[in-house]
There are 2 protein chains.
Amino acid sequence: MDSLEEVNDFVKNGHQQYLPHISLDSVIFGYHDQHLKILLLKWKGMNGWGLPGGFIQRREPMSQAANRILQERTGLDQVFLQQFHIFGDSPYRLQEQSPQEFTKKYGHVVEDSWLFERTLGIGYFALVDYSKVSVQTDFFTDDHQWWDVLEIPTLLFDHNEVVQKALATLRLQIYHQPIGYNLLPEKFTLNEIHSLYETILGKELDIRNFAKKLVSLGIVKKLDERRAIGPHRSPYLYQFMKEAYENALKQGLVHTY
Amino acid sequence: MDSLEEVNDFVKNGHQQYLPHISLDSVIFGYHDQHLKILLLKWKGMNGWGLPGGFIQRREPMSQAANRILQERTGLDQVFLQQFHIFGDSPYRLQEQSPQEFTKKYGHVVEDSWLFERTLGIGYFALVDYSKVSVQTDFFTDDHQWWDVLEIPTLLFDHNEVVQKALATLRLQIYHQPIGYNLLPEKFTLNEIHSLYETILGKELDIRNFAKKLVSLGIVKKLDERRAIGPHRSPYLYQFMKEAYENALKQGLVHTY
DNA sequence: GCAAAAGTGTTGAGAATACACCCATGC
DNA sequence: GCATGGGTGTATTCTCAACACTTTTGC
């Protein structure tokens, strides 16, 4: 959606293609340099940041819409993607938006649009390999940036609430499901997965006990390879045991870290 | 909504009052006689059972809508009520409904209605005191019944999936949150809460270990009272420690049963 | 006294935690 | 040789799980 014509059509007639009153909002987590980050977009004209999102096509399964939106935005496919909450209570989710606001923001006159009506937001979160993402912006957004989860600014709409809920869900989920397959490269060092878990949980984990745990759960295995890392001892590489991992995803784990 | 006029108006003009494309579906759990039960309604004309549900008013917070619908249906207020999933993938959630079908079901001619459009379902589950519920039916339903969760029949729409997901969520949640405050009378015996947990989890729990656990978590306390139960030894009564309970609700627990 | 349900404690195994020193590498 | 990060094992504590007999009560 780049040309003015396309945008005009979307604003005026989008409800013929998309379900009105429902948006999908994606919290895309990436992990880089021992920091857990979230992809934010800068809204044109509003001078503020918000989550990427989109709408569900009239005859498209909801989860397919979530995948499509992620794909369009990041180029990624087949990543971990999961709904976690619906947002329909905050003041922003109650009121209609005004046409004047819209015109002011985008310098674009519109009398009426399905976009101004009340919209509930379905929150999805994704875990992606930071390095593989190539972000597309569109007419409504003109910049993107990865933000450390500890330094998220005040966001547009109710998106701070959405991010907080996503984080809380991720932290809870890590007790029941293995996490990391989509956040780490295929082969990784113990330190990398260790600080990933520390980062997500926001607390320190003894690395020796942590390694024992992961291996005893059977979801990672130590390889016979090492990675050269400059002036220091070369760390061993680890890899997820795909089968055990998938199994744990489905069955759920009960344990602590 | 009883008179034909009201129903007609709802079918034709309901979208002026309610958000289209979105319904709320409630899985109402009650506990009675050592069985976990779900409240189902019998759909008029369709000869099948389904979950109670409703729609969100245009300017009503979503969670308030969920409470209102529960209140209208059961007379209950201030119970545990929580969203757990949105359903938008099953074949039933993809297609529009046909006016002919509607007419056949309700013996009622309608050309077109917002009710025929594709509708996503927001699943809520409630935990209620079985004995306090007094069920209201409406134009679309003509009977109600509590069904044992182990004996749920084939339901209308995608409601079997909704029920299964609600159960799975409840079972997962019981590892992180205390449950029972809304399902049991104020004072209860150890046996009662014990079989509640056994029922929800669908497995046996050693009653001695179970009691130790609950007390050590600090969410119930043993009272100095007993209940007379006929020809047998009188059991002690227990009570939830409201503060610790609320705390555990908010903070989450990590432990096993 | 007997049938039915309630009450109660201990032990062993396994898991979680805490903790510190040596190794490899490049400069 | 030294600075930096990586690697490894053991002892202690705690939690979980398993298990059976005695007490109360009304008839």
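Letters go in sequence order (proteins before strands), and every chain restarts at 1. Note that the structure is a prediction, hence the values are computed from the model and not measured. What you see below is based on every heavy atom in this structure, not just the backbone, and it leaves out hydrogens, waters and symmetry mates.
- For the residue pair Glu186(A) / Gln239(A), a side-chain donor-acceptor distance below 3.5 Å is found, with atom types taken as modelled.
- Taking atom CD of Glu192(B) as the reference point, atom P of dA5(C) lies 14 Å away to the nearest angstrom.
- Salt bridge Glu225(B)/Lys187(B): present, at least one basic N to carboxylate O contact under 4.0 Å.
- The stretch residues 194-201 of chain A has no heavy atom under 4.0 angstrom from DNA chain C at all.
- Between the CG atom of Asn191(B) and the C1' atom of dA4(C) there is a distance of 12 Å, given to the nearest Å.
- There is a side-chain donor-acceptor pair under 3.5 Å between Gln173(B) and Gln82(B).
- For the 3.5 Å distance criterion, the side chains of Asp129(B) and Ser131(B) qualify, holding a donor opposite an acceptor.
- Taking 4.0 angstrom as the limit, Lys213(A) places none of its side-chain polar atoms (N or O) nearer than this to OP1 or OP2 of dA15(C).
- A salt bridge between Glu246(B) and Lys250(B) is absent, with no side-chain N of the basic residue lying under 4.0 Å from a carboxylate O of the acidic one.
- Per the geometry, CD belonging to Glu225(A) stands 18 Å off P belonging to dG6(D), to the nearest Å.
- Here the P atom of nucleotide dG7(D) and the CD1 atom of Ile207(A) are 8 Å apart, to the nearest Å.
- When the C1' atom of dG7(D) is taken as reference, atom CG of Leu190(A) falls 9 Å away, rounded to whole Å.
- Rounded to whole angstrom, the span from the CZ atom of Phe188(A) across to the P atom of dG6(D) amounts to 15 Å.
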Handout entry: Nucleotide-resolved protein contact map, nucleotides 17-27 of chain D, B/S/- at heavy-atom distance under 4.0 Å
Key = BBBB--BBBS-
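- Between the CD atom of Glu204(A) and the P atom of dA16(C) there is a distance of 19 Å, rounded to whole Å.
- Here the nucleotide nearest the side chain of Lys222(B), chosen from dG7(C), dG7(D), dG6(D), is dG7(C).
- Using modelled atom types, one side-chain atom of Asn67(A) and one backbone atom of Ser63(A) make a donor-acceptor pair closer than 3.5 Å.
- Between His176(A) and Tyr175(B), the two ring planes are tilted [angle within 30° to 60°].
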Handout entry: Residue pair Phe157(B), Trp43(B): steps toward the ring pair (Phe, Tyr, Trp, His ring centres under 6.0 Å) verdict
Key = CA-CA 11 Å; Phe157(B) 321 125; Trp43(B) 248 249; 5.6 Å; yes
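- The aromatic rings of Trp147(A) and Trp49(A) stand perpendicular to each other, their planes meeting at an angle above 60°, with 30° marking the opposite boundary.
- The separation between Ile229(A) atom CD1 and dG7(D) atom C1' is 12 Å, rounded to whole Å.
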